[in-house]
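Everything on this sheet refers to the single structure shown next.
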There are 2 protein chains.
Amino acid sequence: MGDSTQQLDRAFAALADPTRRDLVARLSVSDATVGELAEPYEVSFQAISKHVKVLEDAGLVTRSRDAQRRPVHLNPEALDLMTQWIERYRREAEERYRRLDALLARTAQDDEDRRPDKEQTS
Amino acid sequence: MGDSTQQLDRAFAALADPTRRDLVARLSVSDATVGELAEPYEVSFQAISKHVKVLEDAGLVTRSRDAQRRPVHLNPEALDLMTQWIERYRREAEERYRRLDALLARTAQDDEDRRPDKEQTS
DNA sequence: GTATTTGTCAACCAGTTGGTTGAATAAGGG
DNA sequence: CCCTTATTCAACCAACTGGTTGACAAATAC
């Protein structure tokens, strides 16, 4: 449990904002510059620049250099880290509930078997 | 895209906090009351109660009633919603990069084929 | 060089968040 | 009925967030 904690903090926080999720969705289709990314939104160019920085600090995107442009590039591995975290506990919980359901079903069956006026099941 | 937006906002924001992620991890193993959940942490009981409320508002946990106790119960479906969102764009991006890699490989091969002193590959 | 394009940094503001403490509520137990 | 247990509500505070505008920086184009 090293500092993947902080990485997860930042990654989840980054995706908690709908504008940033939209940026990620668009970046999954193609890389883009901050200018291109900012174009469709009402908010200022600087606001989008900040959002991109948040995504970058979270490790969700990286950037290269092409003349004045700084193309933004989605990093699928960071997304993978998040799914791994989530899926681990989702699976754990679902298995547990499955086991619990099975137990309840068995108990119900036992009760049934214990009924005084029970009928032979087979 | 109805109000799953807000649900995702809340769910991602909820998991952005390490204490809340820890609560989720523990709840994946077994349901627990707020008191039980609060016990291992240094912070006040009320602080944990607030954290649980955040998880509840995000749809990540539900609660029932057992005398004075209000057992907290993890909701795996909410986790599933998150993975679905993430995986959609992760897959999209990874496929795109695979295609790009393939294209680059083909281009490199063409260059190779075009070399004047090229050697037959097979 | 100077101007243009592309983007960041800095200061500020309003609203939210995570923490605190103390009071209030809810449901049983004696 | 009062007492205890379990939990929430309310008020407050410091820190963070997402937005703004204006100044600055970097790389290229002329």
Side-chain angles (χ1 to χ4, degrees), chain A residues 3 5-27 30-75, chain B residues 3 5-27 30-75:
Chain A
D3 71 323
T5 295
Q6 239 191 341
Q7 169 133 14
L8 284 173
D9 286 4
R10 294 201 179 114
F12 280 116
L15 294 191
D17 183 281
T19 301
R20 285 192 297 254
R21 280 202 308 279
D22 197 48
L23 292 173
V24 166
R26 291 172 56 202
L27 287 168
S30 73
D31 292 5
T33 67
V34 178
E36 289 161 354
L37 289 173
E39 202 271 319
Y41 306 105
E42 298 277 286
V43 299
S44 72
F45 173 80
Q46 289 97 319
I48 300 300
S49 177
K50 271 193 185 182
H51 279 309
V52 172
K53 182 152 185 24
V54 172
L55 291 171
E56 188 178 23
D57 290 346
L60 288 166
V61 305
T62 57
R63 315 160 89 155
S64 38
R65 168 69 76 178
D66 169 27
Q68 305 104 310
R69 270 151 267 126
R70 320 253 299 108
V72 185
H73 169 96
L74 187 60
N75 176 18
Chain B
D3 70 322
T5 294
Q6 240 191 341
Q7 169 134 18
L8 283 173
D9 286 5
R10 295 204 179 110
F12 280 116
L15 295 191
D17 183 282
T19 301
R20 283 190 300 253
R21 280 202 307 281
D22 197 47
L23 291 174
V24 167
R26 291 172 56 202
L27 287 168
S30 72
D31 293 4
T33 66
V34 178
E36 288 162 356
L37 289 173
E39 200 271 318
Y41 306 106
E42 297 277 284
V43 299
S44 71
F45 173 81
Q46 289 96 318
I48 300 299
S49 178
K50 273 193 183 182
H51 279 309
V52 172
K53 181 154 186 23
V54 171
L55 291 171
E56 187 178 23
D57 290 346
L60 288 165
V61 305
T62 57
R63 315 159 90 155
S64 37
R65 167 69 76 178
D66 168 27
Q68 304 104 311
R69 268 149 266 128
R70 318 254 300 108
V72 185
H73 168 97
L74 187 59
N75 175 18

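Quick note on labels: first sequence line is chain A, next is B, and so on, each numbered from 1.
Distance CG (A/Leu37) to C1' (C/dT8): 15 Å, rounded to an integer number of Å. Rounding to whole angstrom units, CZ of residue B/Phe45 and P of D/dT4 are separated by 18 Å. One atom, CG of A/Leu55, and another, C1' of C/dT8, lie 16 Å apart when rounded to the nearest Å. Between the NZ atom of B/Lys53 and the P atom of C/dG19 there is a distance of 16 Å, given to the nearest Å. Rounded to whole Å, atom C1' of D/dT4 lies 12 Å from atom CZ of B/Arg69. Put simply, NZ on B/Lys50 is 11 Å from P on D/dC9, counting in whole angstrom units. Rounded to whole angstrom, the span from the CD1 atom of A/Ile48 across to the P atom of C/dT6 amounts to 17 Å. Going from atom CG of B/Asp9 over to atom P of D/dT17 covers 16 Å, rounded to whole Å.
For the pair B/Pro71 and A/Val43, nearest-nucleotide mapping onto DNA chain D gives the more 5' position to B/Pro71. Comparing B/Ser44 and A/Thr33 by the nucleotide of DNA chain C that holds the closest heavy atom to each, the one mapping nearer the 5' end is A/Thr33.
Counting heavy atoms from C-beta on, the side chains of B/Thr19 and B/Ile48 come closer than 4.5 Å.
Near-neighbour residues of DNA chain D inside residues 14-21 of chain B, defined by a heavy atom below 4.0 Å, are absent.
Legend: residues meeting side-chain hydrogen bond (donor to acceptor under 3.5 Å, both in side chains) with A/Arg20, ordered by chain and number and at least two apart, are A/His51.
Side chain of B/Asn75 to backbone of B/Thr62: no donor-acceptor contact under 3.5 angstrom is found. Proximity of a side-chain donor or acceptor of A/Arg69 to a complementary backbone N or O of A/Gly35 within less than 3.5 Å is not detected.
The minimum heavy-atom distance between B/Phe12 and A/Leu15, with the atom names listed, is CD1-O, 3.5 Å. Counting all heavy atoms, side chain and backbone alike, A/Leu74 lies closest to A/Asp31 at N-OD1, 4.4 Å. Taking both residues in full, the closest heavy atoms of B/Arg63 and B/Arg70 are given as NE-O, 4.3 Å, listed atom of the first, atom of the second, then distance. For the residue pair A/Val52 and A/Leu37, the shortest heavy atom distance occurs at CG2-CD1, 4.0 Å. Here the closest heavy-atom approach between residue A/Ala32 and residue A/Leu27 is recorded as N-CD2, 3.8 Å.
Scanning atom types as modelled, no donor and acceptor separated by under 3.5 angstrom connect the side chain of B/Gln46 and the base of C/dG18. With hydrogens and angles left out, the side chain of B/Glu42 and the base of C/dG19 share no donor-acceptor pair within 3.5 Å.
For B/Ser49, no side-chain nitrogen or oxygen approaches OP1 or OP2 of D/dT7 to under 4.0 Å. Dashed line: the shortest gap from a side-chain N or O of A/His51 to OP1 or OP2 of D/dG19 is under 4.0 Å.
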Could you run down the sub-3.5 Å N/O contacts of the protein with nucleotides 24-30 of chain C?
none

For A/Thr5 and B/Arg21: C-alpha separation, side-chain torsions, deciding distance, then whether side chain to side chain contact (heavy atoms under 4.5 Å, CB included) applies. CA-CA 10 Å; A/Thr5 295; B/Arg21 280 202 307 281; 3.7 Å; yes
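Nearest nucleotide to the side chain of B/Arg63, out of D/dG19, D/dC9, D/dT8: D/dT8.
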